[in-house]
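Everything below concerns the one structure shown next.
Computed over heavy atoms, backbone and side chain alike; hydrogens, waters and symmetry mates excluded. A note on names: the letters A, B, ... follow the listed sequences, proteins ahead of strands, and every chain is numbered from 1.
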Amino acid sequence: MAKKKGLTPRSEDFSAWYNEVVLQAELADYSPVRGSMVIRPWGYGLWENMQRALDDMFKATGHSNAYFPLLIPMSFIEREKEHVKGFRPELAVVTHAGGKELEEPYVVRPTSETIIYAMYAKWVQSYRDLPLLLNQWGNVMRWELRTRLFLRTAEFLWQEGHTAHASEDEAEAESRLILGIYRRFMEEWMAMPPVTGLKTEAEKFAGAVRSYACEALMQDRKALQAATSHMLGQNFAKQFGLTFQSEEGREEYAWNTSWGASTRLVGGLVMTHGDDAGVVAPPKLAPTQVVVVPIARSDEQAVSVTERARRIAEELTNSGVRVAVDDRRHLSPGAKFFEWERKGVPMRVEIGPRDMERGEVVVASRVVAAGAPRKEAMAEADAVAGIGPRLDDLQEHLRAVALARREEGSVRQEVGSPEELAELLDGGAGFVYSGWSGDPAAEARAKEVAKASIRVIPDEEFRSETPPAQCLGGGKARMEVVWARAY
RNA sequence: CGGGGCGUGGCGCAGCUCGGUAGCGCGCCUGCUUUGGGAGCAGGAGGUCCCCGGUUCGAAUCCGGGCGCCCCGACCA
C-alpha cells in the first residue's frame, strides 16, 4: 500500500483545499493565459448539466436564445455613465486587427448590455414587438487583478438574459421571475439553497436601477453571489434609443432587465458540498451518477465480471441513470474508488467474483447519513431498481444538509455597531441579519470595519420573525439586511 | 494595485548558504506477479535548471536586470 495522498483538510486551510480539489478532481487547470483557466471534461460536464437545466427553465418561461458578438465598440460601453464607471478598470481592449491599428478600439465584452440594447433599438418599433425576451450563452472577460479557479477568472462562461418591456411593472416582474428561477435551480438542482433579496445602492450592478441576487453560504461561512437579476429601468433604453410606439400612439422608452449566472456556480457547488475526500456532485448535476467497478483476480475472471458490469450499466442506463463502467485493468479497485470519490460521483457499484457467486453487488454512496453503512451488499436486481430512488434521496440529503448549514451559520440578533458585526463574523457567523437605517454612510463604515458587505436586503420569507429595531450604525432600523464576508 | 512566496524531467520537491559530471518521490513505458480501499519487483525513457546579461578556468548555485505564476490583502459574476 502506498502512503496516503489526501487533500489539505478543509479545517486546516479552506482555500488550499478548494484549489486542490478543483485541480485533482480534474474540474479545471491553470492555463498559459494569466487569470484564465481550462475547464476540463468533468468540470465542463457539471456546467453542461447546469446549462441544460437553466436553459429549460428559461425556455419554459418564454425566452429564446440568440448570440451577440464578442467585441463591442468602445463608444458603446461609454454610453451609459454608471456602466462605464463600473467596468472600465477591468476591460480588455482590442486596438489592432488585420495588422493595422483600429480607428475605434473594441472591448472584449465584460457583459453585453450595450451591444444588445443597441440591436434592440433597431428591432423594436411598436409595443407589439414587446416583450423581447432573449438569452445568450457565451463568454465574457473582466481583467480581474486577483483570480481564483471558477470563482473569479479573467474569462468566464455564463448566460446573460436581456429583456425589453413596455412597462416598468412588467420589467420588474421579469426580474423577479428570473430571480425565482435561479433560486429554484439552486435549490432543486444544485442542492444549494440561497438567500434572495435586493442589493443596496452601493452593491447594485453598474447601470441598474435595482439588482436582485441569490446569495449562498459556503462551508467556510463566506457568501457567494451565485446569480443576479437586474431591473435596468430605462437607463440603457435612453442611451441607445430603444423606443417604441405605445398603444396610445406615444413614443416611449422601453424598460429593460438583465440577468446572469456563470461558471462560478461550479465553484459554489464544490464549496457547498465538497468534503475532505473531494467533490460531492449532486446527483442531478453529476456528469456520471453511478460508476460500476468490476473486480477480478485473473484475466478470465475479468472477462466475466466486466461483462456483468456492462450489463448492469446497460440496465441502469435504460432506467435513465448516467453510468460509466471503469474497466481499466492497470488500476487496482482501491485506486479507482479514490479517484471517483475525489470527482464526486454520487454512487458506486462494485462487482467481484464473490458477488457474482451470490448474484449480488456492493453499492456505495459518496455521502451517507450519519450512522448509515458506507457499503451495502444487495441482490443485483434490487440494486438496479433501487439506485434511482437512492440518487433522489442523496440529492435531497445534500439539500437538507446545505440548508441546515446555512441556517446554523446565520445569526439573527440586534447588532449595535460595526465592531459588533465584526466580532460576530470573527466568531464564525456566516450571514448576520441586522437592522439598517438605509444610510449609505453607515453601510460604508460597517463594511470598512467588519470587512463585510450587505449581501442583500432579504426577501420577505428570509426576514427574521422579530424585525431588528436598531441600525448597526446607530439609530433606528428601517429594514433588515444580511451581512457577510463574500467571495 | 500593495505584501509574501515560488520558478530545476509530466507533477511535487531537494540541491543554491560554501560554484566543480543534476538528484529524489510520484507519474510514464516494457515485462512478470497482482487486483474487495491509493499493488510489488525488475528493467527503461524523459531535464535549454524561467529568460537575458555579468563575474569565473568553470554557474542550477554568486551579482544585475527582466518575465511568469501562486498565495494573502484592497476592488470585483
Side-chain angles (χ1 to χ4, degrees), chain A residues 1-8 13 15-16 18-20 23-24 29-37 85-91 110-111 139-160 182 199 202-206 211 213-216 223-230 258-268 277-278 293-299 301-302 305-306 326-342 348-356 360-362 364 374-375 377 447-448 451 453 485-487:
Chain A
M1 297 296 117
K3 66 166 188 273
K4 268 209 194 144
K5 326 165 207 180
L7 301 159
T8 300
D13 185 343
S15 178
Y18 175 79
N19 283 324
E20 291 171 18
L23 295 170
Q24 290 189 32
D29 200 356
Y30 294 109
S31 82
V33 180
R34 194 208 76 99
S36 302
M37 65 175 180
K85 228 198 289 172
F87 284 105
R88 174 115 65 192
E90 42 192 61
L91 293 180
T111 180
N139 56 344
V140 286
M141 176 161 280
R142 298 180 188 177
W143 208 256
E144 300 287 354
L145 297 172
R146 187 174 164 198
T147 58
R148 299 202 61 192
L149 294 166
F150 285 111
L151 302 175
R152 178 166 298 102
T153 45
E155 178 186 358
F156 57 92
L157 306 184
W158 75 346
Q159 58 68 217
E160 47 179 324
Y182 285 142
K199 287 284 181 183
E203 301 286 334
K204 74 180 185 185
F205 176 74
S211 288
C214 291
E215 294 282 333
L224 184 77
Q225 179 171 304
T228 48
S229 178
H230 313 290
S258 71
W259 27 278
S262 73
T263 37
R264 166 180 267 197
L265 290 173
V266 177
V293 180
I295 299 163
R297 277 170 211 290
S298 64
D299 280 337
Q301 235 170 30
V305 167
T306 303
D326 189 350
D327 57 1
R328 290 175 294 177
R329 290 284 287 139
H330 65 285
L331 290 181
S332 70
K336 294 178 185 176
F337 300 164
F338 277 99
E339 184 177 320
W340 290 110
E341 277 167 15
R342 197 164 56 218
R348 180 177 71 237
V349 173
E350 303 170 19
I351 173 133
R354 270 197 332 243
D355 310 302
M356 291 268 284
E360 289 184 345
V361 294
V362 170
R374 181 73 179 263
K375 286 192 185 191
K447 186 171 176 171
E448 171 83 26
K451 291 180 185 133
S453 52
R485 292 182 175 142
Y487 276 96

How many whole angstroms separate atom [atom1] of [X] from atom [atom2] of [N]?
X	N	atom1	atom2	value
Asp13(A)	G4(B)	CG	C1'	15 Å
Asp326(A)	G37(B)	CG	P	15 Å
Met37(A)	C69(B)	CE	P	16 Å
Leu23(A)	C11(B)	CG	P	12 Å
Asp29(A)	C11(B)	CG	P	10 Å
Leu145(A)	G2(B)	CG	P	10 Å
Gln24(A)	G38(B)	CD	P	17 Å
Arg328(A)	G38(B)	CZ	C1'	12 Å

So, is Ser15(A) near the phosphate of C71(B), with a side-chain N or O under 4.0 Å from OP1 or OP2?
->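 Ser15(A) to C71(B) OP1/OP2: no side-chain N or O under 4.0 Å.
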Return no unless some side-chain N or O of Asn19(A) is found under 4.0 Å from OP1 or OP2 of C71(B).
->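 Asn19(A) to C71(B) OP1/OP2: side-chain N or O found under 4.0 Å.
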Take nucleotides 28-35 of chain B nucleotide by nucleotide from the 5' end and write B, S or -, depending on whether a protein heavy atom sits under 4.0 Å from the base, only from the sugar-phosphate, or from neither.
-> -------B
Indicate for each nucleotide in nucleotides 42-47 of chain B, in 5' to 3' sequence, whether protein heavy atoms under 4.0 Å reach the base (B), only the sugar-phosphate (S), or nothing (-).
-> ------
Just call it for [X]: base, sugar-phosphate, or nothing, with non-hydrogen atoms closer than 4.0 Å on any strand.
X	value
Phe205(A)	nothing
Val140(A)	nothing
Glu144(A)	base
Leu151(A)	base
Ser453(A)	nothing
Pro89(A)	nothing
Glu341(A)	base

Among all residues two or more places apart in sequence or in another chain, which pass the side-chain contact (heavy atoms from CB on, under 4.5 Å) test with [X]?
X	value
Glu144(A)	Glu90(A), Arg142(A), Thr147(A), Arg152(A)
Leu145(A)	none
Ser298(A)	Glu300(A), Gln301(A)
Ala206(A)	Phe87(A)

Sequence neighbours excluded, which residues qualify as side-chain hydrogen bond (donor to acceptor under 3.5 Å, both in side chains) partners of [X]?
X	answer
Glu20(A)	Thr8(A)
Ser211(A)	His230(A)
Ser453(A)	Arg455(A)
Lys375(A)	Glu350(A)

From [options], nucleotide with atom closest to [X] side chain:
X	options	value
Tyr30(A)	A77(B), C70(B), A74(B)	C70(B)
Gln225(A)	G37(B), A77(B), C72(B)	A77(B)
Asp355(A)	G36(B), G38(B), A74(B)	G36(B)
Arg354(A)	G36(B), C1(B), A77(B)	G36(B)

Whole-angstrom distance between [N] and [M], as gauged at atom [atom1]:
N	M	atom1	value
G19(B)	G58(B)	C1'	8 Å
G40(B)	U34(B)	P	15 Å
G64(B)	U56(B)	C1'	16 Å
G68(B)	G36(B)	C1'	47 Å
C13(B)	A22(B)	C1'	14 Å
G15(B)	A60(B)	C1'	8 Å
G46(B)	G4(B)	C1'	34 Å
C70(B)	U8(B)	P	14 Å

Distance (rounded to the nearest 0.5 Å) between Gln225(A) CD and Glu203(A) CD =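 Interatomic distance, Gln225(A) CD to Glu203(A) CD, rounded to 0.5 Å: 8.0 Å.
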Can you tell me how far the CG atom of Asn19(A) sits from the CD atom of Gln24(A), to the nearest 0.5 Å?
->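 Reported to 0.5 Å precision, the distance equals 11.0 Å.
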Compare every heavy atom of [Y] with every heavy atom of [X], then report the nearest pair and how far apart it is.
X	Y	answer
Gly267(A)	Tyr18(A)	CA-OH, 3.3 Å
Lys336(A)	Asp327(A)	NZ-C, 4.0 Å
Ala261(A)	Gln159(A)	N-OE1, 2.9 Å

Is the NZ or CZ atom of Arg348(A) both under 6.0 Å from the centre of the six-membered ring of Phe337(A) and within 45° of that ring's axis?
->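 Relative to the ring axis of Phe337(A), which defines the angle, Arg348(A) lies inside both limits.
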Taking N and O atoms by type only, does the side chain of Lys375(A) place a donor or acceptor under 3.5 Å from a partner on the base of G37(B)?
->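 Yes, a donor-acceptor pair under 3.5 Å.
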With distance as the sole criterion, do the side chain of Glu339(A) and the base of G38(B) form a donor-acceptor contact below 3.5 Å?
->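 Absent.
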Compare the aromatic ring of Phe338(A) with the six-membered base ring of G38(B) and state whether they stack according to the 5.5 Å and 30° rule.
->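 Here Phe338(A) meets both the 5.5 Å and the 30° conditions.
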Taking for each residue the nucleotide of RNA chain B with the nearest heavy atom, is it Arg148(A) or Ser262(A) whose nucleotide lies nearer the 5' end?
->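 Mapping each residue to its closest nucleotide by heavy atoms, the 5'-most match is Arg148(A).
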Name the residue closer to the 5' end of RNA chain B, choosing between Gly86(A) and Gly352(A) according to the nucleotide with the nearest heavy atom.
->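 In this pair, the answer is Gly352(A).
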What residues form a salt bridge (Lys or Arg N to Asp or Glu O under 4.0 Å) with Arg328(A), not counting sequence neighbours?
->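 Arg328(A) satisfies salt bridge (Lys or Arg N to Asp or Glu O under 4.0 Å) with Asp326(A), Glu339(A) once adjacent residues are dropped.
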Using a 3.5 Å limit on both pairing distances, list the dot-bracket string of RNA chain B from the 5' end; Watson-Crick and G-U wobble pairs count, crossing pairs take [ ], interstrand pairs take |.
-> ((((((((.[[[[.)....(..]]]].((((((.....)))))).....[[[[[..)....]]]]])))))))....
